[in-house]
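These numbers come from the heavy atoms of this one structure, side chains and all, not from hydrogens, waters or symmetry mates. Position 1 is the first residue of the sequence; numbering continues from there.
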Amino acid sequence: MAAPIEDYALLSDLRTGALVSRRGSVDWLCVPRFDSPSVFGALLGNQEHGRWLLEPSDPTATVVSRHYLDSTFILQTRWRSEGGEVLVTEFMPAQGRPSAVVRRIEGISGRVQMRQELEVRFNYGTTAPWMRREKQDGVERLLAIAGPSAMVLHGGNIPHGRDHRHTGTFTVGQGERVDLELLWYHSHEPTPQPADVDALMASTVEYWQHWSGLHVESDRYREPVLRSLLVLRALTHGQTGGIVAAATTSLPEEPGGTRNWDYRFCWLRDAALTLEAMMTHGYSNEALHWRNWLLRAVAGDPDDLQIMYTVDGGRDLPERILPQFPGHGGAIPVRIGNGAVDQYQADVVGTVMVSLARLRDHGVREDAFSWPLQRALLAFLERHLEEPDHGLWEIRGEPRFFTHSRVMMWAAFNSAARAAHQYGLEGPVELWEALRDGLRREILRRGFDAGRNAFVQSYGSSLADASLLQLPHVGFLDYDDPRMLGTVKFIEEELRDSAGLLLRYRTDTGVDGLAAGENPFLACSFWLVEQYAYTGRRAEAVALMDQLVGYANEVGLLSEEYDAGNDRMAGNFPQAFSHLALVRAADAIHLSGIPSGSASRFTN
């Protein structure tokens, strides 16, 4: 059975990611990309769906400490058993060795027997490979082959097979070291030779620490901000620039629930917000890389615009159920693909336009392709101006005129008008301004409840929605505007749970067409921190921020949602949305502590 979500650490090679449990089991790995089929799928079932376990044989052995090597995704776990102590270092090489997991075991004291179990299951746990041991140059290796895919295990202690499972033990004494490398490759290619693990580790440390060293520091929350930026980078495909929303699929938003979705794709909205967080901390090159991915992905007829794409910008990601998986903690169905790809979500173009405007403000110039494409997106928005949509939360009920979506449409035309006036970019400025101003009048008339002094979820609704906390972020009105303060009060009253965390909206109203029940969405609570910080409620902002940062696991990772009552994570993991919202909240607190008129390293 899989471990709780909070027990996992992420390894990344900027192509895909592996999840390693606290007890030393690699329970999730898709190769060669984030959105490829899994070879280890125990996260959504059990060991029969694939895993690679490495732990002391002593059942009483305990984990003394577990952390990432400073500013990297190199995981170090120190074990203590009756025989002594060992240090296990695990990583995926960031350069020159695609889709490999390296595990180094070093003896610290005494002698410790280690055991490993390897079960490779290609194609989401459905295909057991043909496996064989062989020697090359006197060194053993283990091969696993099934159709187009193959894996090879290098190391001095190759496990033995029985009933499609390979198991074995080896002993590590003080000062001794054992290296294991499991590497995926195309089965028609020559089997890769063993790597120089010292060189791989050195280059991976160098990559991550160099990347980390470029970031602009915040003050109070330096470590969680840096780890969050690292997570955002780890979820970015290093070659294409596509940013996935999470490394996993179908981790449930509620134990045993059915809200189980595939997040291993590139949402335009999530990625645009990610590049904002990166730009704020000095990573304009990464933002430009994503802009180029965006241009390729959405190129073509603007009416074919999708809200999400595959890692390489592909468009085909139909949703289907995988019945072979019993689900994490029994939560079914397990889904791959995402049916929301066919939805119209009116806010997406606005989010992209706002982020690209901030990229311009950071000094990145438009090229011959990028501005014409943005104009095409604006034309698409104009053609769909009078259509209801499914909203930020991908409602699977009837489309509505969601207030947040209409505000983001306003933000799209506002960004375009500003681009013309401030940067001299060409376009029908008067039309954009007329559409912008008309949307503003409409929103204030139909999306605002004067009796409550609050904006509501959708036109004609009486419901609160945490997405409305985003209105000041895009400049629709000030953070301290009385209408915004009234909206915050409404959200606090309707959506805050007993732990002070925010739900996205009330799922028991039937608005989303799904069975009720989910946990608070962490990004929403980070947005509340931001609102508090910018409206003179700094002490409340800091208190809530400290609470939220405390929900990260021991290696600093956050999931999509959190069940504070039971102290457990929920939803896909690690979640880009949660981490980018953490960065923004930390920046808001930082800015709220700077005296008026002082220079700041951050922009909003």
Side chains of Met484 and Asp478 in contact at under 4.5 Å (non-hydrogen atoms)
no
Are Phe401 and Arg406 close enough that some pair of their side-chain heavy atoms sits under 4.5 Å apart?
yes
Work out which heavy atom in Ala541 is nearest to a heavy atom in Ala533; give both atom names and the distance.
CB-N, 3.7 Å
Flag, side chain of Asn338 to backbone of Asp262, donor-acceptor distance under 3.5 Å
yes
Validation row, ring centre His49 to ring centre Phe325 under 6.0 Å
yes
Using the test side-chain hydrogen bond (donor to acceptor under 3.5 Å, both in side chains), find all partners of His579 that sit at least two apart in sequence or belong to another chain.
Ser228
Using modelled atom types only, decide if a donor and an acceptor are shared between the side chain of Thr249 and the backbone of Arg335 within a distance under 3.5 Å.
yes
Do any N or O atoms from the side chain of Ser559 and from the backbone of Met569 form a donor-acceptor pair under 3.5 angstrom?
no
May I ask you to say whether Glu276 pairs ionically with Arg269, meaning some side-chain N is under 4.0 Å from a carboxylate O?
no
With side-chain hydrogen bond (donor to acceptor under 3.5 Å, both in side chains) as the test, would you mind laying out the steps for Asn260 and His328 before giving the verdict?
CA-CA 10 Å; Asn260 313 319; His328 186 274; over 6 Å; no
Determine whether Trp410 and Glu442 make a side-chain contact, defined as any pair of heavy atoms from C-beta on separated by less than 4.5 Å.
no
Is Arg259 reaching over with its side chain to a backbone N or O of Glu253, donor-acceptor style, under 3.5 angstrom?
no
Looking at Pro574, is its backbone amide N or carbonyl O close enough to the side chain of Ser578 to form a donor-acceptor pair, meaning the two atoms are under 3.5 Å apart?
no
Say whether, by atom type as modelled, one donor and one acceptor occur between the side chain of Arg315 and the main chain of Ala297 under 3.5 angstrom.
yes
Using a 3.5 Å distance criterion without hydrogens, assess whether the side chain of Asp497 forms a donor-acceptor pair with backbone atoms of Gly500.
yes
Any donor-acceptor pair under 3.5 Å linking the side-chain atoms of Asp389 with those of Ser405?
yes
Evaluate the side chain to side chain contact (heavy atoms under 4.5 Å, CB included) criterion for residues Gln457 and Val511: first the C-alpha distance (whole Å), next the side-chain angles of each, then the deciding distance (0.1 Å), finally the verdict.
CA-CA 10 Å; Gln457 183 181 63; Val511 68; 3.7 Å; yes
Between Tyr221 and Arg227, is there a cation-pi geometry (under 6.0 Å to ring centre, at most 45° from the normal)?
no
Between Phe521 and Trp393 (judged by ring centroids, cut-off 6.0 Å), do the two rings come close enough to count as a pair?
yes
Any side-chain heavy atom of Leu463 sitting closer than 4.5 Å to one from Val456?
no
Run the salt-bridge test on Glu433 and Arg440 with the 4.0 Å N-O cut-off and return the result as yes or no.
no
Compute both the distance and the angle, then confirm whether Arg483 meets the cation-pi test with Phe455: under 6.0 Å from the six-membered ring centre, within 45 degrees of the axis.
no
Check: Asn572 side chain, Trp261 main-chain N or O, donor-acceptor pair, under 3.5 Å
yes
So, is the end of the Arg584 side chain (NZ or CZ) under 6.0 Å from the ring centre of Phe526 and within 45° of the ring's axis?
no
Tell me if a side-chain donor or acceptor on His473 pairs with a main-chain N or O of Leu469 at a distance below 3.5 Å.
no
Just list the side-chain donor-acceptor pairs under 3.5 Å for residues 547-557, sequence neighbours left out, or say none.
from: Gln547; atom 1: NE2; to: Ala499; atom 2: O; distance (Å): 2.7
from: Gln547; atom 1: NE2; to: Tyr551; atom 2: OH; distance (Å): 2.8
from: Asn553; atom 1: OD1; to: Val555; atom 2: N; distance (Å): 3.1
from: Asn553; atom 1: OD1; to: Gly556; atom 2: N; distance (Å): 3.2
from: Asn553; atom 1: OD1; to: Leu557; atom 2: N; distance (Å): 2.9
from: Asn553; atom 1: ND2; to: Glu6; atom 2: O; distance (Å): 3.2
from: Asn553; atom 1: ND2; to: Tyr8; atom 2: O; distance (Å): 2.9
from: Glu554; atom 1: OE1; to: Arg22; atom 2: NE; distance (Å): 3.4
from: Glu554; atom 1: OE1; to: Arg22; atom 2: NH2; distance (Å): 3.4
from: Glu554; atom 1: OE2; to: Arg22; atom 2: NE; distance (Å): 2.7
from: Glu554; atom 1: OE2; to: Arg66; atom 2: NH1; distance (Å): 3.4

When you measure from the side chain of Ser355 to the backbone N and O of Ala272, does any donor-acceptor pair fall under 3.5 Å?
yes
Would a 4.5 Å heavy-atom cut-off, applied to side chains only, mark Phe490 and Leu468 as touching?
no
Are Tyr344 and His384 an aromatic pair by the rule of ring centers under 6.0 Å?
yes
Between Asp303 and Arg383 (salt bridge meaning N to carboxylate O under 4.0 Å), is one present in this structure?
yes
Could you please spell out the steps behind the salt bridge (Lys or Arg N to Asp or Glu O under 4.0 Å) verdict for Arg33 and Asp312?
CA-CA 10 Å; Arg33 302 189 327 195; Asp312 61 358; 3.0 Å; yes
